[in-house]
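This one's a predicted model, so the numbers in the text were calculated from it and none came from an experiment.
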Amino acid sequence: MPKIYPKKFKDKILDLAINKNESVNDIAEKYDISVNTVKRWVNESRKAVIDGKTYSLKRYNELEKHIKDIETENEILKFVLQKGVQWSNDVDKLLKLVQKSVDNGYHRTTVLKLLNVPTSTYYDWLKYEPTDTRKQDEKLKPLIKKIWENNNREYGVPRIQSSLREKNIYVGNRRLKRLMNELNIHAMTPTHKVYRKPAVVDDKTSVEDM
């Protein structure tokens with residue numbers, strides 16, 4: 001337990017160190033107190049004035065650190081928004097975003113805390129080795145998306161499945177549906193223009209009536 005000194009004694013030490021500019025080492029030796037204790041008291045007693053308010057140096061340093069933490073968090077959030085990644089339902093995208101943030105120099109612990117990602121989840125993701133099926137899925141996705149886009153985004157599971165078969169690629173319904181969900185694509189209903197028959201103007205209508 002650290003030794004507790006009376007306030008009067010502490011004030012006297014501070015007066016000698018700050019107002020009378022006596023050496024910290026001399027004061028420590030003369031009053032049988034450690035040099036580090038004297039230095040700590042001196043640092044804690046120093047003041048900083050911000051917007052008319054006076055803060056101890058310790059409190060000032062705490063506020064400065066807090067401000068820097070907020071600035072860092074804002075930078076990370078700005079970086080995240082610039083990437084335009086919607087991670088709410090996609091853990092893989094979220095973890096890739098964490099890694100991109102870390103690669104761009106942001107502190108890993110801060111990023112994980114800000115994006116509410118458990119540390120264990122992140123490290124499990126780093127160590128994850130995809131299965132052969134998953135590797136095949138990643139190769140299939142670009143093909144599926146290309147077929148969908150080349151056909152006005154109107155193709156659903158049956159027609160995409162048929163297009164893949166023409167390429168000698170056989171994918172089951174459930175698997176194809178899952179991959180399309182992961183790609184966030186679905187068959188869109190084609191829009192058709194509706195032509196209306198023009199109204200016939202009665203020949204008997206007078207100019208004044210029009």
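Atom CD of Glu149 has more than 12 neighbouring heavy atoms from other residues, nucleotides or ligands inside a 6.0 Å radius. When the shell of 6.0 Å around CZ of Arg134 is examined, it contains more than 12 heavy atoms from other residues, nucleotides or ligands. Heavy-atom neighbours of Lys177 NZ from other residues, nucleotides or ligands within 6.0 Å: at or below the threshold of 12. The number of heavy atoms from other shown groups lying within 6.0 Å of CG (Asn150) is above 12.
Listed by chain and residue number, nothing satisfies the side-chain hydrogen bond (donor to acceptor under 3.5 Å, both in side chains) test with Lys146 (two or more places apart in sequence, or in another chain). Shown here are the side-chain hydrogen bond (donor to acceptor under 3.5 Å, both in side chains) partners of Lys7, two or more places apart in sequence or in another chain: Asp11. Scored by the side-chain hydrogen bond (donor to acceptor under 3.5 Å, both in side chains) test, Ser34 finds Thr37 as partners (sequence neighbours excluded). Not counting sequence neighbours, Asp32 has no partner by the side-chain hydrogen bond (donor to acceptor under 3.5 Å, both in side chains) test. Shown here are the ring-ring contact (aromatic ring centres under 6.0 Å, His included) partners of Tyr5, two or more places apart in sequence or in another chain: Phe9, Trp41.
Using a 4.5 Å cut-off on side-chain heavy atoms (C-beta onward), Leu16 and Tyr31 make contact. By the 4.5 Å heavy-atom criterion applied to side chains, Arg178 and Asp137 are counted as neighbours.
At distances below 3.5 Å, at least one donor-acceptor pair connects side-chain atoms of Ser163 with backbone N or O atoms of Arg159.
Counting only residues at least two apart or in different chains, salt bridge (charged side-chain N to carboxylate O under 4.0 Å, His left out) contacts with residues 102-130 comprise Glu129-Lys135.
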### Task
Check the pair Ile144, Leu164 against side-chain contact (heavy atoms from CB on, under 4.5 Å), reporting the backbone distance first and the verdict last.
CA-CA 8 Å; Ile144 294 169; Leu164 288 171; 4.3 Å; yes
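Taking CD1 of Ile147 as the reference point, atom CD of Gln161 lies at 11.0 Å (rounded to 0.5 Å). One distance of note links CD1 of Ile160 with CD of Glu154; it measures 11.5 Å at 0.5 Å rounding. From Arg175, atom CZ reaches atom OH of Tyr170 across 14.5 Å, with rounding to the nearest 0.5 Å. Considering CD1 of Ile13 and NZ of Lys30, their distance stands at 9.0 Å, rounded to 0.5 Å. The OG1 atom of Thr109 sits 10.0 Å away from atom OH of Tyr122, with the distance rounded to the nearest 0.5 Å. Atom CD1 of Ile169 sits about 11.0 Å away from atom CG of Leu176, to the nearest 0.5 Å.
Counting all heavy atoms, side chain and backbone alike, Lys145 lies closest to Ile185 at CA-CD1, 4.4 Å. Nearest heavy atoms, Val24 versus Lys39: CG1-CG, 4.0 Å. Nearest heavy-atom pair across Met180 and Tyr155 is CE-O, 4.2 Å.
Under the 4.5 Å side-chain heavy-atom criterion for grouping Ile, Leu, Val, Met, Phe, Trp and Tyr, Leu95 is connected to Leu126 within one hydrophobic cluster.
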